[in-house]
Structure formats: C-alpha cells, structure tokens
Amino acid sequence: MIKVKVPATSANLGPGFDTFGLALDLFLTVEAAEAIKTSCRFTGEGQDQLNQEEEENIIIKAIKRVFREAGETAPDLALTVNNQIPIGKGLGSSAAAIVSGVLIGNELLDKKFSHGQLINIAADMEGHADNIVPAMSGELTTVMEDDKTVYYQKIKTPADLKIIIAVPDFQLPTHKSREILPEKADIHDTTANLQRACLLLASFFNGDFSLLDIAMDDKIYQPLRKQFIPGFDEVLNQARAAGAKGAALSGAGPSVIAFALNREEAVGQAMQEAFNKNNVSCRIFYLNPNHTGAVIF
Ligand code: HSE
C-alpha cells in the first residue's frame, strides 16, 4: 500500500501571477492499494461533489499519465482519499490531486522519474506550475517555465508567520477567473508588478514584513478578478486595519489570504465580517506554512 500526503497551496500572493506559490498545512491524503477493479472512496471536503468515476478522477488521470510517460499501463487501484482542501476556492485542490497521482504512479513504477520530471509532468497536466511546485516541495516557491521545463527556487518561510484564509461559500472556477484576463498588459502595470514581486520575495527572504502590504498590491489581475468577489476591497482593507501585514486573492480566488505576525484571530474576524456585510458567508482557516511539501509513506 502507498500513502501520500500533499499540502494545499496559495498561488500568486498578489503580483506573482503563475509564479509564486505557498504551501499550507492543510492536506489531501491518498492511500492506494492494488485491486481487481479501480475504485475511489472520498471523505472530507468536496466528498459530495468530487467525481468518483474513473475517467473523470484527477488522481487516477495523473497516475495513468505517469504510466503513459513510462510506456506502461497503470494497474487497477483502490484509492482511499481524505481531503481537507476546499475545492474550487483558490487553494490548489487540483494541483494537490495531480501531485498525489504522479507520486503514487512513480512509486508503483519504482521511482522511475526524478522529482524534477514529476514536476514537469504535473505542471503540464495543470497548465501552470505555481501550485504544483510548492505542493511537491513545500515552503514559498517561485517558478519559471521555459520550453515545457519548470525551473524553481524555494524560500524558507519564517516560523512565526501566521496565515489567515477567508474561504467564501461559492466556487470560482479557475477558467472563469482566467478568461477575463487581458492578452496584453500595460508596461507601467507590468513594471509595477515586477517591482512588487521582487519586494515580496525579498521581504520573505529577509523575514521583514514591513513592506509586505504594498508588495502584495497587484496591479494587473486582482483589479479584474475582484468583480467576481463581492466585498473584495473591503475584506482586504478590514484585514489590514485589524493588523494584517498584507493580503491578496488566493490563486484564482475566491478565497482571500492574509499574513500576520500576531492578532490573527482579529484579522480573521475582520475578514469574515467584511464578507458577511457583503452577503457572502465564509469560513476562516488559521494556517501555518508547510515546510516539507508532499510526503510519501
Ligand atoms: N496562477 C493561477 C491563476 C492559480 O491565478 O489563475 C490558479 O490555479
């Protein structure tokens, strides 16, 4: 039997669209055992909506993809899945499912592929690497893709960093959140985002969050995406007023991520109240960074 545990991830962190990703201590756990017929049993987040049919199941698709890359056919498997990651909320649930599948497939193939090769396969399945890499490797990662190869660096996250995530009760499909993005960006906005992205990375590298708020102020994507999130500006403003060091849309949304060094409960409460005021119910998750990435037992 193979067991894998893969963390949730929050991508972009404001200016780092398709670039930054942070691993969170919220997990998808999958157990796989060889069986006569492929099956999948889900518990946890999304258990009623996740498709358990073999041809639609992302975990099984990823296992089969790794076998295909190896020129082999995947065996039938009985999967037991426990999922803590909210689905369709901008917390990397599909990346976690893909990563769990490629890791299980690779174990069944006696570790035929390297960590880097698995990242390339998983990123190709997902369409972008910003959630895949931190799900595999943990911590804050910055990725670059060139000619179907993923390059990345990992930055150790400070131990005292508190992460607050407001998860609204509606889903925002990633394709809907990407469809509205422009083909081309203004040079001034692009420069502003590049400056902010570098400032954000340096802030994490130095463990100095005094400029994080302005560093997370994305000029290109959030201004367009916020139309899908009632009360978005108010949630960010209230988070800051309650003591957050910075806040942004988590991935493609609709969740909002905020960072704090203390008073995290006041930040969470302020974010929840702001969403409620805009007729959106939400859950608040108090999390820490995940340092290890996916683990195989
Ligand atoms: N970088 C991606 C986006 C993350 O913002 O669309 C969501 O998968």
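Remember, it's 1-based here, ligands and their atoms both numbered in the order they're listed. These numbers come from the heavy atoms of this one structure, side chains and all, not from hydrogens, waters or symmetry mates.
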When you look for heavy atoms under 4.0 Å from ligand 1, do you find them on the side chain of [X], its backbone, both, or neither?
X	result
Asp130	side chain
His175	neither
Phe17	side chain

What are the atoms of ligand 1, with element, lying closer than 4.0 Å to any heavy atom of [X]?
X	value
Asp18	1 (N), 2 (C), 3 (C)
Asn12	1 (N), 3 (C), 5 (O)
Asn131	4 (C), 7 (C), 8 (O)

Next item on the list: Take the angle between the ring planes of Tyr221 and Phe17 and call it parallel below 30°, perpendicular above 60°, tilted in between.
Entry: parallel

Notebook entry, point to check: For atom 8 (O) of ligand 1, what's the nearest protein heavy atom and its distance?
Noted result: His128 CE1, 2.9 Å

Note to self: Looking only at protein heavy atoms, which one is nearest to atom 6 (O) of ligand 1, and what is the separation?
What the structure shows: Arg178 NH1, 2.7 Å

Any donor-acceptor pair under 3.5 Å linking the side chain of [X] with the backbone of [Y]?
X	Y	answer
Ser93	Ile87	no
Asp169	Cys282	no
Gln117	Ser114	yes

Indicate every side-chain donor-acceptor pair of residues 254-265 with a distance under 3.5 Å to a residue at least two apart or in another chain.
| from | atom 1 | to | atom 2 | distance (Å) |
| --- | --- | --- | --- | --- |
| Ser255 | OG | Lys89 | O | 2.7 |
| Arg263 | NH1 | Ala242 | O | 3.3 |
| Arg263 | NH2 | Ala242 | O | 3.2 |

Check: Does the ring of Phe297 carry Lys3 above it, NZ/CZ under 6.0 angstrom from centre and within 45° of its axis?
Finding: yes

Margin query: In this structure, does ligand 1 have an atom that sits under 4.0 Å from one of the heavy atoms of Arg225?
Written below: yes

Item checked: Pair Phe228 + Phe170: ring centers closer than 6.0 Å -> no

